[in-house]
Amino acid sequence: MIALLTRDLQLAVRAGGGFGLGLAFFLIVTVLVPFGVGPETGLLARIAPGMLWIGALLACLLSLDRILALDWEDGSLDLLATAPLPMEGIVSVKALAHWITTGLPLVLLAPVLGVLLSLPMQGYLWLVVSLALGTPALSVIGTFGAALTVGLKRGGLLLSLLVLPLYVPTLIFGAEVARRGAGGLAVETPLLMLAGISFGAIALLPFASAAVLRINLR
Amino acid sequence: MDLRVTDLAVARGGVPVLEGLNFALQGGRALVLRGPNGSGKTTLLRTVAGLQPPLSGSLTGAGERIAYAAHADGLKAMQTVRENLGFWARVFGGRDIAPALAAFDLGALQERPAGTLSAGQKRRLGLARLMVTGRPVWVLDEPTVSLDAASVALFADAVRAHLAAGGAALMATHIDLGLDEAEIFDVTNCRARPRAALQDEAFL
């Protein structure tokens with residue numbers, strides 16, 4: 001398991017590994033928003049939590065098809081399936097590797113980009129908390145989508161269509177936490193909902209991902 | 001425990017390709033599958049490796065005892081030869097990779113990224129993976145593709161050493177490896193009769 005995690009992390013940071021793709025996309029989106037909606041600080045501060053969440057979600061979506069497709073193409077997914085690792089463990093490690101290379105950097109980058117969108121001072125903490133709590137769900141749900149579409153050539157479009165509706169609850173509650181935090185309101189309810197979605201997804205979806213992957217490898 | 005296949009039928013994409021397969025493979029023996037392209041050798045090997053369920057019949061002594069090598073070698077282009085092999089060694093329980101590197105003459109290539117290897121060198125690396133798995137039954141699908149005569153000899157030596165150590169090998173190949181222990185099993189006689197298309201049972 002640890003061998004698989006270190007291999008995936010190593011591959012991600014080497015040339016062509018796609019590390020930084022999501023980050024660069026997130027950066028571009030948030031830099032472009034002020035140009036698109038105008039430099040009015042009040043308006044930017046109001047939309048900042050939502051824009052940062054949408055940016056993070058799309059950046060996450062961008063790298064989903066790499067989670068399993070590369071291993072499927074070069075045959076190592078077949079070999080992993082015959083290895084003494086449970087399939088549930090393989091998909092969990094894949095999701096974790098995706099989160100470490102995509103979700104975690106987004107969480108760390110978000111406060112820096114919050115400055116660009118003149119996010120109010122009290123909003124930073126809750127922005128980081130909501131992203132830290134929500135991005136694992138994005139990775140786990142994304143791995144499920146990747147398992148469903150593995151083996152399809154150019155399955156990226158189908159993957160996005162499958163995964164986007166599943167991302168909506170995470171986005172709603174995640175952005176709500178960040179918005180309320182920025183407005184100085186109570187965040188408990190959306191925070192608990194977000195935590196519920198995240199932990200529920202982490203606990204249940206690896207079993208679903210492993211099941212569809214077994215069927216897809218036939 | 002022997003690998004034993006009893007009245008096995010296998011399907012590819014819901015269409016039965018082989019049926020009535022019966023064979024047993026003891027330790028120290030090799031079984032070479034023969035048959036024209038598309039006759040179902042790969043499907044049979046994938047079934048034995050546990051990647052797909054059999055249509056009917058039984059399969060014993062497989063599962064965690066199988067080391068499978070397919071057409072694709074499962075190599076990562078950006079990792080070196082040693083990292084590629086070391087990864088599989090760790091996954092399969094941390095065996096030393098040095099004997100496998102030596103057996104397939106990969107010692108000089110250790111630090112080369114796998115992406116820069118030739119097709120034959122990649123194949124040799126893919127086959128060296130079998131040795132670090134420590135599994136007793138090798139299931140090989142066209143293992144000699146893109147190997148030159150010298151590499152085929154290296155591979156035959158590795159198989160011979162594996163058999164001498166009590167292992168077994170089931171392979172689909174058209175090249176005569178010169179293995180005394182090998183029996184030939186022609187799958188042509190086991191081709192499935194055409195029958196009504198089965199429903200897709202994938203989600204049932």
Side-chain angles (χ1 to χ4, degrees), chain A residues 1-21 66-87 89-94 97 101 147-153 207-218, chain B residues 10-14 42-43 45-55 62-80 83-94 113-115 122-123 126 129-130 132-135 137-139 141 200-204:
Chain A
M1 296 274 209
I2 294 163
L4 182 59
L5 182 66
T6 45
R7 181 191 75 149
D8 274 13
L9 295 180
Q10 198 179 51
L11 286 170
V13 295
R14 290 198 180 171
F19 178 76
L21 177 72
R66 306 180 66 93
I67 297 180
L68 294 167
L70 296 180
D71 276 346
W72 185 80
E73 274 166 22
D74 64 21
S76 39
L77 203 53
D78 276 351
L79 303 179
L80 279 174
T82 58
L85 300 176
M87 195 68 101
I90 294 171
V91 291
S92 303
V93 168
K94 289 269 165 198
T101 54
L148 277 173
T149 56
V150 75
L152 298 176
K153 291 264 183 282
F207 296 99
S209 309
V212 292
L213 201 53
R214 278 196 201 98
I215 289 167
N216 264 338
L217 283 181
R218 279 180 188 178
Chain B
V10 296
R12 182 179 167 83
T42 296
T43 309
L45 293 176
R46 286 180 68 87
T47 308
V48 171
L51 287 168
Q52 59 180 74
L55 201 57
E64 295 271 294
R65 302 173 68 241
I66 302 281
Y68 175 61
H71 293 281
D73 293 314
L75 303 177
K76 293 294 173 190
M78 293 311 296
Q79 285 191 314
T80 64
E83 286 168 338
N84 266 299
L85 203 54
F87 164 68
W88 291 111
R90 284 178 70 191
V91 165
F92 281 92
K122 280 182 189 162
R123 191 85 261 225
R129 186 185 56 84
L130 293 165
V132 300
T133 61
R135 294 254 174 113
V137 183
W138 289 2
V139 173
D141 197 355
D200 184 9
E201 34 70 76
F203 286 97
L204 297 181

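In what follows, chains carry the letters A, B, and so on, assigned in the order in which the sequence lines appear, proteins first and then strands, with residues in each chain numbered from 1.
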Side chain, backbone, both or neither of [X] within contact of chain B (heavy atoms, under 4.5 Å):
X: Leu4(A); value: both
X: Ile2(A); value: both
X: Asp71(A); value: both

Would you give the length of the straight line joining atom [atom1] of [X] to atom [atom2] of [Y], rounded to the nearest 0.5 angstrom?
X: Leu79(A); Y: Phe92(B); atom1: CG; atom2: CZ; value: 7.5 Å
X: Met78(B); Y: Gln10(A); atom1: CE; atom2: CD; value: 10.5 Å
X: Thr43(B); Y: Arg218(A); atom1: OG1; atom2: CZ; value: 13.5 Å

**Message:** Apply side-chain contact (heavy atoms from CB on, under 4.5 Å) to residues Thr82(A) and Leu51(B) and explain how you reach the verdict.
**Reply:** CA-CA 7 Å; Thr82(A) 58; Leu51(B) 287 168; 4.0 Å; yes

**Item:** Atom group of Arg129(B) that falls short of 4.5 Å from chain A, counting heavy atoms
**Value:**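 Side chain only.
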
**Request:** Determine whether Arg7(A) and Val91(B) make a side-chain contact, defined as any pair of heavy atoms from C-beta on separated by less than 4.5 Å.
**Result:** no

**Prompt:** Under 3.5 Å, side chain of Arg46(B) to main-chain N/O of Leu217(A), donor-acceptor pair present?
**Reply:** yes

**Asked** Is the number of heavy atoms from other residues, nucleotides or ligands within 6.0 Å of CZ (Arg214(A)) greater than 12?
**Response** yes

**Message:** Under a 4.5 Å cutoff for heavy-atom pairs, which residue among Glu83(B), Glu64(B), Lys76(B), Arg90(B) has the most contacts with chain A?
**Reply:** Lys76(B)

**Item:** Partner chain B: residue of Ala211(A), Gly75(A), Pro84(A) with the largest heavy-atom pair count (under 4.5 Å)
**Value:** Pro84(A)

